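Being a predicted model, the structure only gives us computed values, none of them experimental.
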Amino acid sequence: MNIIACYSNKGGVGKTALAVNLAHGLAASGRRVLLCDLDPQGASGFYFRVKASKKLKQEKFFKDVEKFTSAIRESDFQNLDILPANMTFRDFDVFLSRMRNRRSRLKKALKAVDSDYDIIVLDCPPNISTLSESIFAASDLVVVPVIPTTLAERTFEQLTAFFKEHKIRRNMLLGVFSMVQTTKTLHRETMARMRDQYGKRLLNTVVPFSADVEKMGVNRLPVACYAGNRAAGGAYAAITQEVLDRLG
């Protein structure tokens with residue numbers, strides 16, 4: 001089983017859209033996929049029209065296998081299940097900070113479904129925290145959406161430095177440009193500069209700024225379900241293939 005984190009330490013960059021569309025694309029490719037939402041806002045579950053269990057709280061997520069597995073919901077799509085978040089997930093950092101071996105706790109919890117899925121996709125909250133460190137320790141790939149602007153570039157630089165400082169494998173860190181407007185000089189220049197600096201650490205595919213992505217909240221569906229032949233739908237399909245290639 002592989003674990004892929006869709007993560008950014010900056011909000012509003014298209015992280016949940018990436019997680020939802022990547023999970024859907026991986027399931028469509030024939031992999032058995034669990035989309036696990038760790039963000040207490042619960043947007044991934046909302047997009048897939050599933051309700052979170054109110055019984056899966058703090059220590060139960062990490063210690064109670066029965067409660068963990070019973071909180072998993074089927075989606076409307078073959079091969080794709082969802083573990084939706086509830087608001088109590090906001091306390092994960094506090095809870096983990098009190099636990100021994102806290103960096104390994106998430107990976108241990110996810111092992112409860114190791115035989116049921118080929119890939120787990122994590123939709124992560126936008127911060128660097130104790131939970132984040134547990135996410136990094138559990139993951140095979142950390143895919144980071146980056147809007148090609150100065151602040152987002154700086155944020156990716158900070159994340160890369162964090163990985164180096166804490167001796168986390170930097171080759172699992174993958175950036176993907178998100179909400180790209182190629183008509184903007186800043187976007188073009190930022191992408192060119194970052195590609196020169198980070199090379200293969202950035203995926204080739206970019207996600208365009210698109211109303212089709214914004215409509216996910218209205219349609220409550222992945223983009224491929226209503227705009228698969230348009231630019232954004234094609235981008236997410238290409239990202240899915242790039243991620244599979246990186247997993248080998």
_Applying side-chain contact (heavy atoms from CB on, under 4.5 Å), can you list everything that pairs with Ala19, at least two apart in sequence or on another chain?_
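For Ala19 the side-chain contact (heavy atoms from CB on, under 4.5 Å) partners, ignoring immediate neighbours, are Cys6, Leu35, Val121, Asp123.
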
Side-chain atoms of residues 200-209: list all donor-acceptor pairs with protein atoms under 3.5 Å, sequence neighbours left out, distances to 0.1 Å.
residue, atom, partner, partner atom, Å
Thr205, OG1, Glu242, OE2, 2.6

Nearest 0.5 Å please: distance from the [atom1] atom of [X] over to the [atom2] atom of [Y].
X: Gln241; Y: Leu26; atom1: CD; atom2: CG; result: 9.5 Å
X: Glu153; Y: Arg193; atom1: CD; atom2: CZ; result: 4.0 Å
X: Asn2; Y: Leu247; atom1: CG; atom2: CG; result: 4.5 Å
X: Ile147; Y: Lys10; atom1: CD1; atom2: NZ; result: 6.5 Å
X: Ile120; Y: Leu110; atom1: CD1; atom2: CG; result: 4.5 Å
X: Ser75; Y: Arg49; atom1: OG; atom2: CZ; result: 12.0 Å

Which pair of non-hydrogen atoms, one from [X] and one from [Y], has the smallest distance, and what is that distance?
X: Met191; Y: Pro148; result: CG-CB, 3.6 Å
X: Ala52; Y: Ala85; result: CB-O, 3.2 Å
X: Ala232; Y: Val213; result: CB-CG2, 3.7 Å
X: Leu18; Y: Pro145; result: CD2-CD, 4.0 Å
X: Met172; Y: Asp140; result: CB-O, 3.2 Å
X: Phe48; Y: Ile82; result: CD1-CD1, 3.6 Å

Flag yes if [X] and [Y] sit in one hydrophobic cluster, no otherwise; membership is Ile, Leu, Val, Met, Phe, Trp, Tyr, and two members link when side-chain heavy atoms are under 4.5 Å apart.
X: Val13; Y: Leu174; value: no
X: Met179; Y: Val143; value: no
X: Ile135; Y: Ile128; value: yes
X: Leu96; Y: Leu38; value: yes
X: Ile119; Y: Leu22; value: yes

*Among residues two or more places apart or on two chains, list those pairs meeting ring-ring contact (aromatic ring centres under 6.0 Å, His included) that have a residue in residues 122-156.*
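Every pair satisfying ring-ring contact (aromatic ring centres under 6.0 Å, His included) with a residue in residues 122-156: Tyr7-Phe136, Phe136-Phe163, Phe156-Tyr198.
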
*Listed once per pair and sorted, the ring-ring contact (aromatic ring centres under 6.0 Å, His included) pairs that draw on residues 168-187, sequence neighbours left out*: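 Sorted pair list comes back empty.
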
Any donor-acceptor pair under 3.5 Å from [X] side chain to [Y] backbone:
X: Asp37; Y: Pro84; answer: no
X: Arg32; Y: Ser115; answer: yes
X: Thr149; Y: Leu186; answer: no
X: Tyr236; Y: Gly228; answer: no
X: Asn21; Y: Val223; answer: yes
X: Ser134; Y: Leu131; answer: no

_Applying side-chain contact (heavy atoms from CB on, under 4.5 Å) to Leu34 and Asp81, what does each step give before you reach the verdict?_
CA-CA 5 Å; Leu34 173 66; Asp81 291 340; 4.0 Å; yes

Do [X] and [Y] have side-chain heavy atoms sitting under 4.5 Å apart?
X: Phe46; Y: Met216; result: no
X: Asp39; Y: Pro126; result: yes
X: Phe61; Y: Leu83; result: yes
X: Thr185; Y: Arg188; result: yes

*Only pairs at least two apart or in different chains count here, so list each salt bridge (charged side-chain N to carboxylate O under 4.0 Å, His left out) that has a residue in residues 160-184.*
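Listed by first then second residue: nothing to list.
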
*Test side chain to side chain donor-acceptor pair (under 3.5 Å) applied to Asp76 - qualifying residues, sequence neighbours left out*: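 Asp76 satisfies side chain to side chain donor-acceptor pair (under 3.5 Å) with no other residue.
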
Just wondering, more than 12 heavy atoms not from [X] lying within 6.0 Å of its [atom1]?
X: Arg73; atom1: CZ; answer: yes
X: Gln181; atom1: CD; answer: yes
X: Asn229; atom1: CG; answer: no

*Start with the C-alpha distance between Arg31 and Leu244, add both sets of side-chain angles, then the distance that settles side-chain contact (heavy atoms from CB on, under 4.5 Å), and finish with yes or no.*
CA-CA 10 Å; Arg31 277 71 174 179; Leu244 285 171; 3.7 Å; yes

*Ile3 and side-chain contact (heavy atoms from CB on, under 4.5 Å): which partner among Leu106, Leu141, Leu122?*
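Exactly one pass, corresponding to Leu122.
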
*Go through Cys225 and Phe77 one step at a time and tell me if the side-chain contact (heavy atoms from CB on, under 4.5 Å) criterion holds.*
CA-CA 10 Å; Cys225 296; Phe77 302 97; 3.5 Å; yes

